[in-house]
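Below is one structure, written out as structure tokens; the observations come after it.
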Number of protein chains: 2
Amino acid sequence: MPVPDVALDRSSPVPLYYQVATRLEQLIDEGELPAGSRLENEIELADRLGVSRPTMRRAIQYLVERGLLVRKRGVGTQVVHPKVRRPVELTSLYDDLAKSGQDPRTEVRSLVSEPLSDHVAGLMGLAPGTPATRIERLRYAAGEPLALMTNIVPADVLELSVEALTDHGLYDLLRAAGRVPRMARQVVGARAATPAEARLLGEPAGTAVLTMTRTAWDAGGQAVEYGSHIYRASRYSFELTLTSA
Amino acid sequence: MPVPDVALDRSSPVPLYYQVATRLEQLIDEGELPAGSRLENEIELADRLGVSRPTMRRAIQYLVERGLLVRKRGVGTQVVHPKVRRPVELTSLYDDLAKSGQDPRTEVRSLVSEPLSDHVAGLMGLAPGTPATRIERLRYAAGEPLALMTNIVPADVLELSVEALTDHGLYDLLRAAGRVPRMARQVVGARAATPAEARLLGEPAGTAVLTMTRTAWDAGGQAVEYGSHIYRASRYSFELTLTSA
DNA sequence: CCGGGTACTTTGTTAGGACAAAGTGTTGAC
DNA sequence: GTCAACACTTTGTCCTAACAAAGTACCCGG
């Protein structure tokens with residue numbers, strides 16, 4: 001399959017390889033390059049687009065990593081069937097809801113300063129007793145309670161306030177403070193809700209709820225957040241896309 | 001922090017950049033390059049190890065993607081705190097259990113040939129009515145029931161037998177058939193177990209169970225498996241490590 | 001003492017070239 | 001006719017080289 005010509009802007013601050021990759025992705029999404037079709041070889045492609053082979057390879061590599069293309073030595077580069085292809089991302093519930101038009105709302109139920117417990121300190125890799133803020137929030141989507149969230153943030157990471165948390169997700173605030181979570185370890189499980197939890201979530205006592213605990217670190221490997229959340233299983237589930245090798 | 005000299009084998013079929021990356025990872029794991037320490041700049045490093053800068057960059061890039069290093073333009077390359085750094089992987093329950101010495105055992109409860117339902121066909125991107133095999137298995141770990149698993153595999157992907165499934169995980173069989181799952185979409189939720197499910201899992205009726213449905217594709221984008229599993233929440237949870245950007 | 005601009009350091013991007021390794025297909029010997 | 005060796009295609013690895021962009025630190029003028 002011949003790849004249509006691509007207009008590149010060499011004066012743009014956007015890297016060339018990224019311009020090429022984006023354009024290719026667009027062509028695949030639009031069906032211009034149908035699933036299973038083979039691209040021309042790298043050299044021809046690079047030639048025709050007017051970039052060097054390393055740049056062309058980098059663009060292709062980017063799409064291979066994202067699962068849109070498959071390469072085989074001696075064979076060529078093929079378009080993969082256009083299934084879901086976004087890898088798991090580290091996003092916040094608030095962002096997810098806002099993006100899908102669920103009109104998220106947050107009720108901050110409590111916000112207290114307290115030192116880290118041994119358990120949480122261990123998970124975060126910090127010293128027990130480190131000053132921190134503990135918040136408990138109830139998240140609504142489309143007017144319905146969706147999740148009960150307890151989070152703990154070390155005091156030196158971020159100064160939290162009820163007002164800020166009402167209008168923004170915790171991850172927004174962390175981003176604004178320059179402490180972007182870059183790695184997180186999550187454990188997802190299930191259990192029966194306690195009577196108090198069931199009441200807050202508007203579910204009958206003993207309902208099955210989805211639980212998630214998470215520890216998140218920033219780029220420097222510093223723990224920035226610990227969270228223990230429970231979700232209404234009737235209204236929420238985790239969706240993830242995994243890739244191997 | 002000076003990186004100790006690294007012995008490279010230029011006659012080895014193992015790529016140079018990979019030799020360098022592996023050695024660096026080892027140094028980090030051993031604490032030779034402590035968390036937070038800064039590496040020399042790329043040029044010096046490349047010089048001293050006797051490789052070109054692109055090769056050096058590629059080795060570093062590899063470790064950056066795996067979360068061991070962080071780079072900042074104008075600043076340098078730093079070792080990240082050695083938290084968990086394995087990204088989410090596409091593994092099978094059987095492998096996971098076997099690796100952690102849980103002595104997995106599988107009871108194949110049924111194995112029937114039946115055409116794909118509209119629902120499953122839609123998820124797998126195949127035509128409704130495509131011949132397939134539907135299996136229901138009960139997975140034990142350490143002598144206790146752990147999961148009830150229903151899987152559907154298209155007939156042209158793999159010929160299944162009760163014997164093979166008793167001794168191996170489904171993913172083992174797929175691998176052996178050259179249909180390695182490379183991408184999967186999972187949805188994890190929770191609900192109350194039905195009486196029949198509760199009985200099989202050895203839990204009281206109405207217990208909260210963890211549910212997982214998954215569709216997996218091979219490198220060519222062909223759907224190879226659909227699964228609908230329920231897990232005893234008291235004995236199992238999903239653990240995942242996420243990275244962003 | 002403070003602020004801004006400048007020099008320097010370090011990673012990011014791009015180019016062009018060379019050879020190696022893996023698949024595929026074809027041809028030739030038996 | 002069959003199978004092995006060879007040629008060809010295509011991606012994989014590696015090198016040298018140059019300039020751009022971002023961040024830091026220093027210095028100098030006010």
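A, B, ... follow the sequence lines: proteins, then strands. Residue 1 opens every chain.
At the phosphate of dG16(C), neither OP1 nor OP2 sits under 4.0 Å from any side-chain N or O atom of Arg53(A). Close to dC15(D), at under 4.0 Å from its OP1 or OP2, lies a side-chain N or O of Thr55(B). For Arg58(B) and dC14(D), the shortest distance from a side-chain N or O to OP1 or OP2 is not below 4.0 Å. Here Arg71(B) does not reach the OP1 or OP2 of dT10(C): none of its side-chain N or O atoms lies under 4.0 Å away. For Tyr17(B) and dT13(D), the shortest distance from a side-chain N or O to OP1 or OP2 is below 4.0 Å. At dT10(D), none of the side-chain N or O atoms of Thr77(A) fall inside 4.0 Å of OP1 or OP2 (strictly under the cut-off).
With the nearest nucleotide of DNA chain C identified for both Asn41(B) and Gly74(A), Asn41(B) has the one nearer the 5' end. Nearest-nucleotide positions on DNA chain C place Tyr18(A) closer to the 5' end than the other of Pro13(B) and Tyr18(A). Comparing Gly50(B) and Glu44(A) by the nucleotide of DNA chain D that holds the closest heavy atom to each, the one mapping nearer the 5' end is Glu44(A).
Ala59(A) and Tyr17(A) make their closest contact through CB-O, 3.3 Å (heavy atoms, listed as atom of the first residue, atom of the second, distance). In terms of heavy atoms, Val224(B) sits closest to Pro154(B) at O-CD, 3.6 Å.
Between Lys72(B) atom NZ and dT9(C) atom C1' the separation is 15 Å, expressed in whole Å. Atom CZ in Arg73(B) sits about 5 Å away from atom P in dA22(D), given to the nearest Å. Atom CD in Gln61(A) sits roughly 16 Å away from atom C1' in dC14(D) (whole-Å rounding). For the pair Arg38(B) CZ and dG23(D) P, the interatomic distance rounds to 15 Å; values are reported in whole Å. As a whole-Å value, the separation of Ile60(A) CD1 from dT10(D) P is 13 Å. dT10(C) atom P lies 12 Å from atom CG of Leu39(B), rounded to whole Å. Distance CE (Met56(A)) to P (dG17(C)): 18 Å, rounded to an integer number of Å. Ile43(B) places its CD1 atom 12 Å from the P atom of dA17(D), with the value rounded to the nearest Å.
Of the listed nucleotides (dG23(D), dG12(D), dC15(D)), dG12(D) has the atom at the smallest distance from the side chain of Glu42(A). Comparing dT24(C), dT11(D), dT14(C) by their closest approach to the side chain of Arg57(A) singles out dT11(D). Considering only side-chain atoms of Val75(A), the nucleotide from dC14(D), dT24(C), dG16(C) that sits closest is dT24(C).
Checked by atom type and distance alone, the side chain of Thr22(A) pairs as donor or acceptor with a backbone atom of Tyr18(A) at under 3.5 Å.
Within 4.0 Å (heavy atoms only), Pro54(A) reaches at least one base atom of the nucleic acid.
Checked by atom type, the side-chain pair Arg134(A)/Asn151(A) shows no donor-acceptor distance below 3.5 Å.
For Glu42(B) and Arg71(B), the salt-bridge test passes: some basic side-chain N is under 4.0 Å from an acidic carboxylate O.
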Side chain to side chain contact (heavy atoms under 4.5 Å, CB included) between Met56(B) and Leu24(B), intermediate numbers included
CA-CA 11 Å; Met56(B) 193 65 229; Leu24(B) 279 181; 4.0 Å; yes
